[in-house]
Amino acid sequence: MSAQPAPAPLLIACALGIEQFALRAGGRGGADGPVTVLRTGMGPVAAERAVTRMLADPALRDAAVLATGFCAGLAPGMHPGDLVVAEETRDPRGTTPCVGTELLVKELARALPGRTVHTGPLTGSDHVVRGPERSALRATGAIAVDMESAVTLLSAVHAGERPVAAVRVVVDAPEHELVRIGTVRGGISAFRVLRSVLPAFFEWHRSLLLPRR
């Protein structure tokens, strides 16, 4: 009997130590194939460098890539702890379509019942976005912004054809900006949500491994 090929790996990229800690606290049971949780460092330059370096490793050459962590919500009515599943990521260098958005929404709703899940474009920035700039980004159709997702996915597809996705947890929203009192409560809420997302990520990854009919 011929040996079955090894399952394609999954690379989960986040920027911050607190994000990596939340993901690791969620455990890795239930994953099909090897999983790497990469802390890229903050900002697009660090993310591009880290993701490109990781995908140059032959063991991760065919890895699916999922960008995650915290984000700033752009749409009125968003709250800390809401989830954002990107339909595409954008930055000045281009747009990257995401794979399996509907499946991620379904699995996140199952893993985190009662949590609001938003879908739409996720835009990139090289700095923390506040006030009028937030409104300007919203006018482009984006529903959330962060500094790493767009460049992470763009770097991933430039390194080779692969499935990519981005899921972010709102920690900062138009009515709940980081500079306001009460941010700590919002941060704790977002941390707890991020700690619970891995089962949905594993189901997304598992779906990619199924034979296509």
Side-chain angles (χ1 to χ4, degrees), residues 12-16 18-19 22-23 40 42-44 47 51 65-109 111-112 114-156 164-180 182-183 185-197 200-201 204:
I12 301 173
C14 60
L16 305 176
I18 188 67
E19 295 167 338
L23 292 162
T40 65
M42 190 168 67
V51 171
V65 174
L66 197 153
T68 194
F70 303 133
C71 71
L74 298 175
M78 282 184 160
H79 296 90
D82 285 1
L83 288 146
V84 172
V85 180
E87 294 174 340
E88 63 183 30
T89 58
R90 305 170 173 173
D91 74 3
R93 294 190 295 174
T95 297
T96 306
C98 295
V99 173
T101 297
E102 291 183 2
L103 175 64
L104 279 166
V105 170
K106 181 181 77 171
E107 293 301 331
L108 288 166
L112 291 146
R115 284 288 171 187
T116 301
V117 183
H118 306 268
T119 60
L122 176 61
T123 195
S125 174
D126 61 1
H127 59 277
V128 176
V129 174
R130 302 194 191 283
E133 191 176 5
R134 191 191 297 262
S135 299
L137 290 175
R138 174 61 180 160
T140 70
I143 63 168
V145 58
D146 74 87
M147 291 193 284
E148 297 84 23
S149 291
V151 72
T152 292
L153 299 199
L154 193 62
S155 298
V164 294
V167 175
R168 290 276 171 170
V169 181
V170 175
V171 74
D172 173 58
E175 293 88 6
H176 305 271
E177 288 205 0
L178 285 172
V179 293
R180 293 181 55 179
T183 295
R185 182 185 303 170
I188 291 171
S189 175
F191 177 87
R192 288 174 175 164
V193 171
L194 190 59
R195 192 174 57 188
S196 303
V197 296
F201 294 178
W204 175 80

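Keep in mind the model is a prediction, meaning the values are calculated, not measured.
Here the side chains of V169 and L83 are in contact, with some heavy-atom distance below 4.5 Å. At least one side-chain heavy atom of L23 sits under 4.5 Å from a side-chain heavy atom of C14. Inter-residue side-chain proximity for V151 and R93 is flagged as met; some heavy-atom pair is nearer than 4.5 Å.
The OG1 atom of T123 sits 9.5 Å away from the CD atom of E88 when rounded to the nearest 0.5 Å. Here the OG1-CH2 distance, from T101 to W204, works out to 9.5 Å after rounding to the nearest 0.5 Å. From F70, atom CZ reaches atom CG of L16 across 7.5 Å, with rounding to the nearest 0.5 Å. Taking CG from D91 and CG from D126, the interatomic distance works out to 10.0 Å, rounded to the nearest 0.5 Å. A distance of 8.5 Å separates NE2 of H79 from OG1 of T116, quoted to the nearest 0.5 Å. A distance of 10.0 Å separates CG of L74 from CD of E133, quoted to the nearest 0.5 Å.
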Exercise. Quick one: do R115 and S189 satisfy side-chain contact (heavy atoms from CB on, under 4.5 Å)? Show the steps, please.
Key: CA-CA 11 Å; R115 284 288 171 187; S189 175; 3.4 Å; yes
Quiz item: Could you walk me through whether T89 and L154 pass the side-chain contact (heavy atoms from CB on, under 4.5 Å) check?
Solution: CA-CA 8 Å; T89 58; L154 193 62; over 6 Å; no
Practice problem: Please assess V170 against C71 for the test side-chain contact (heavy atoms from CB on, under 4.5 Å), listing each intermediate value before the final yes or no. | Solution: CA-CA 5 Å; V170 175; C71 71; 4.0 Å; yes
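The one candidate from D172, V84, L137 that meets the side chain to side chain contact (heavy atoms under 4.5 Å, CB included) condition with V145 is L137. Just one residue in the list D82, V85, V105 forms a side chain to side chain contact (heavy atoms under 4.5 Å, CB included) with H118, and that residue is D82.
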